[in-house]
Amino acid sequence: MAVKTTIQEVGKYQDKEVTLSGWIYNKTNKGKLLFLMLRDGTGLIQAVMFRPEIGEELFDEFTALPQESAVQVTGKIVEDKRAKGGYEMQAKSVEVVHVAEEYPITPKEHGIEFLMDHRHLWLRSSKQHAIIRIRHQIIQSCRQFFDQNGFTLVDAPIFTPAACEGTTTLFETDYFDSKAYLTQSGQLYMEAAAMAFGKVYCFGPTFRAEKSKTRRHLTEFWMIEPEVAFCDLDQDMDLAEDMVAFVVQSVLENRHNELETLERDISKLEAIKKPFPRIKYDQAVELIKESNPDFLYGDDFGAPDETIISEHYDRPVMVTHYPAEVKAFYMKKDPNEPHKALCVDMLAPEGYGEIIGGGQREDDLNILLQKIKEHQLPKEAFRWYLDLRRYGSVPHAGFGLGIERTVSWLCGIHHVREAIPFPRTLLRLYP
RNA sequence: UCCGGUGUAGCUCAAUCGGCAGAGCGGGUGGCUGUUAACCACUAGGUUGUAGGUUCAAGUCCUACCACCGGAGCCA
């Protein structure tokens, strides 16, 4: 009896008989020959069926099968230069598992609305499949990086009691007799966790009810957020740089086929080596003013401004020391430049924008109290957070890495909605 | 929220000055032993986003609405 295997393993079974289970990705026939492109989730392989070998009845049945019908095929794996992937199967016996209905996504072009309405099926097509596998690789290598560097996973809650940062619109939901808000960031909880464990990170979904309608925004997106006790801004940047370089390397090493499927320019990713350039806000403004003279000093950067900055470099650039007013209340001010925050944004190359935002946190109780007052935030909701500055407050820092923006950058895709399996945007809650 | 654009067959799109509603893919039927988005022949398939209006005549012009796309803002 033939051994069951998967398409990515067929190289181990050259000239041997195996059984593959999967779905018909595409097929074409030529009289007595039928070419099945078989998909099993691990790859694609062509199975060649010859009418006299298979038998009239089964051959006709297979010839009539619609795209995405489920089948099981047994045959010999042979090396063949004509086949994509280098191998093909000479089918000997075949079995239909399920005859699909007429499949809506054909090998031709489709519009984005149609594809997004069929996202549950679109994930089967090779490009989307490659993107999600690279997403998996990115997440896996982030976790590996933290494991290797002494971090403890401490996940943050999704339901939160109040508008945490006060800078963004949150989703509100009923929580029994009161209201709860979906988290916009795990950071404040990570600060508590860092005081308990030293080096921590969380990985989970975050939610923003902003009516943003751009290629860089989702209402539900995933962030990896490390936080480290006894850490200053420079050490925080070292960490961010180490992690991003590690992740890029890991994707290059393990997902070469997927990058190829996406026609990603690999040389752009191979250039991502430490050290990353580090510039201050003031220097970034000078770069922007070369191309956009209307930029007002003191403003936060818009998407086109970020692109201008990133175009000066072949690797991610870290911009620090933004004006304190444009940053969140918990950012520590630079003692040497009191109007600047000890913060860092990492801008990806090729115009992919901000993938990391972070910095050193304010650790002085009185300054924090003052800031909460200035930002008119509900002091009661921050009682626990302020406790962290009462019981052994230490310099600490961290950052958040947006998974979808990182996936988009590494995959070279145009829109973050393809970087998450089931995107949630301003205008989409289905499927 | 603002600016711009698009709604025509299951899908992607055409339709000139307002004058017979069309193609490719997908579906169906037949043919082919090396196809890669196969090819060849035949075939079925339409409330032109919705509601009004102008006109002998509207896919095409006008008004309103709806949906989506792109960008900005907001934001990460």
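Heavy-atom basis, side chains included; hydrogens, waters and symmetry copies ignored. Proteins come first, then strands; the chains are lettered A, B, ... in the order of their sequence lines, and each starts at number 1.
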Residues A:Glu53, A:Lys92: salt bridge by 4.0 Å N-O rule
no
What's the gap between B:C20 and B:C61 when it is taken at their P atoms, as a whole Å value?
16 Å
Under the 5.5 Å and 30° test, is A:Phe221 stacked on the base of B:A76?
yes
Which of A:Asp294, A:Thr307, A:Asp299, A:Asp305 passes side chain to side chain contact (heavy atoms under 4.5 Å, CB included) with A:Ile288? It is A:Asp305
Paired to B:G7 by Watson-Crick or G-U wobble criteria (both distances under 3.5 Å) is B:C66
If you compare every side-chain N and O of A:Arg208 against the phosphate oxygens of B:A76 (OP1, OP2), does one of them come in below 4.0 Å?
yes
Any strand is fair game: report the nucleotide pairing with B:A21 by Watson-Crick or G-U wobble, both distances under 3.5 Å, or none.
none
Assign A:Lys213 to base, sugar-phosphate, or nothing according to its heavy-atom contacts below 4.0 angstrom with the strands shown.
base
Span that lies between the C1' atom of B:U8 and that of B:G4, in whole angstrom
22 Å
Could you give the distance separating B:A15 and B:A58 at their C1' atoms, to the nearest angstrom?
13 Å
Atom CZ of A:Phe59 to atom P of B:G31: distance rounded to whole Å?
12 Å
Looking only at the side chains, is there a donor atom on one of A:Thr74 and A:Glu17 sitting less than 3.5 Å from an acceptor on the other?
no
What contact category does A:Gln90 fall into here, base, sugar-phosphate, or nothing, at under 4.0 angstrom with non-hydrogen atoms?
nothing
Can you tell me how far P in B:C40 sits from the matching atom in B:G26, rounded to whole Å?
11 Å
A:Glu210 side-chain proximity, nearest of B:C74, B:U36, B:U35:
B:C74
If the C1' atom of B:C3 is compared with that of B:G73, how far apart are they to the nearest Å?
11 Å
Please classify the nucleic acid contact of A:Arg215 as base, sugar-phosphate, or nothing, using heavy-atom distances under 4.0 Å.
sugar-phosphate
Does B:G31 have its OP1 or OP2 closer than 4.0 Å to a side-chain nitrogen or oxygen of A:Arg51?
no
Looking across every strand, which nucleic acid part, if any, lies under 4.0 Å from A:Thr214 by heavy atom: base, sugar-phosphate, or nothing?
base
A:His414 near the nucleic acid: base, sugar-phosphate alone, or nothing, with a heavy-atom cut-off under 4.0 Å?
sugar-phosphate
Interatomic distance, A:Glu68 CD vs B:C11 P [rounded to whole Å]:
18 Å
Given the 90°-from-0 boundary between syn and anti, B:C17 should be labelled syn
The Watson-Crick or G-U wobble partner of B:U35, with both key distances under 3.5 Å, is none
Given atom CG of A:Leu170 and atom P of B:A76, what is their separation to the nearest angstrom?
11 Å
Shortest side-chain distance from A:His415, nucleotide among B:A76, B:G70, B:U35
B:G70
Could you check whether A:Asp300 gets within reach of a base, just the sugar-phosphate, or nothing at all, counting any heavy atom under 4.0 Å?
nothing
Whole Å only: how far is the CD atom of A:Gln67 from the P atom of B:G27?
8 Å
Does A:Arg428 reach a base, just sugar-phosphate, or nothing at all? Heavy atoms under 4.0 Å.
nothing
Using a cut-off of 4.0 Å on non-hydrogen atoms, how would the nucleic acid contact of A:Phe114 be classed: base, sugar-phosphate, or nothing?
sugar-phosphate
Mate of B:G30 where both pairing distances stay under 3.5 Å, Watson-Crick or G-U
B:C40
Given the side-chain rings of A:Phe276 and A:Tyr313, with only the six-membered ring counted for Trp, is the space between their centroids under 6.0 Å?
no
Residue pair A:Glu113/A:Lys211 against RNA chain B: nearer the 5' end by closest nucleotide is A:Glu113
Just checking, is any N or O donor in the side chain of A:His396 or A:Gln360 under 3.5 Å from an acceptor N or O on the other one?
no
Ion pair check, A:Lys333 and A:Glu362, cut-off under 4.0 Å
no
Say we look at B:G10 and B:G27: how far apart would their P atoms be, to the nearest angstrom?
15 Å
Classify A:Thr106 by what it touches in the nucleic acid, base, sugar-phosphate, or nothing, heavy-atom distance under 4.0 Å.
sugar-phosphate
Return the orientation label for the A:His120 and A:Tyr430 ring planes: parallel under 30°, perpendicular over 60°, tilted otherwise.
perpendicular
Interatomic distance where CG belongs to A:Asp80 and C1' belongs to B:U35 [whole Å]
12 Å
Which whole-number value in Å describes the distance from A:Ile420 CD1 to B:A76 P?
17 Å
Say we look at B:C32 and B:G46: how far apart would their P atoms be, to the nearest angstrom?
32 Å
Need one value for A:Gly400: base, sugar-phosphate or nothing, where a base atom within 4.0 Å counts as base even if backbone is also close, heavy atoms only.
nothing
Partner nucleotide, any strand, of B:A14 [Watson-Crick/G-U, under 3.5 Å]:
none
If we take the C1' atom in both B:G53 and B:G18, what is their distance in whole Å?
15 Å
Selection from B:G34, B:G70, B:G26 that lies nearest to any side-chain heavy atom of A:Glu102
B:G26
Is it true that the side chains of A:Gln184 and A:Thr206 contain a donor and an acceptor less than 3.5 Å apart?
no
Would you indicate what A:Leu427 reaches in the nucleic acid, counting non-hydrogen atoms under 4.0 angstrom: base, sugar-phosphate, or nothing?
sugar-phosphate
Between B:C32, B:A72, B:U12, which nucleotide has the shortest distance from any of its atoms to the side chain of A:His110?
B:U12
A:Asn29 CG to B:G34 C1': how many Å, rounded?
12 Å
With RNA chain B as reference, determine whether A:Glu354 or A:Ile112 sits nearer its 5' end, using the nearest nucleotide of each.
A:Ile112
Spacing between A:Lys27 atom NZ and B:A37 atom P, to the nearest angstrom
15 Å
Can a side-chain donor-acceptor contact be found between A:Gln67 and A:Tyr25 if the only test is distance below 3.5 angstrom?
no
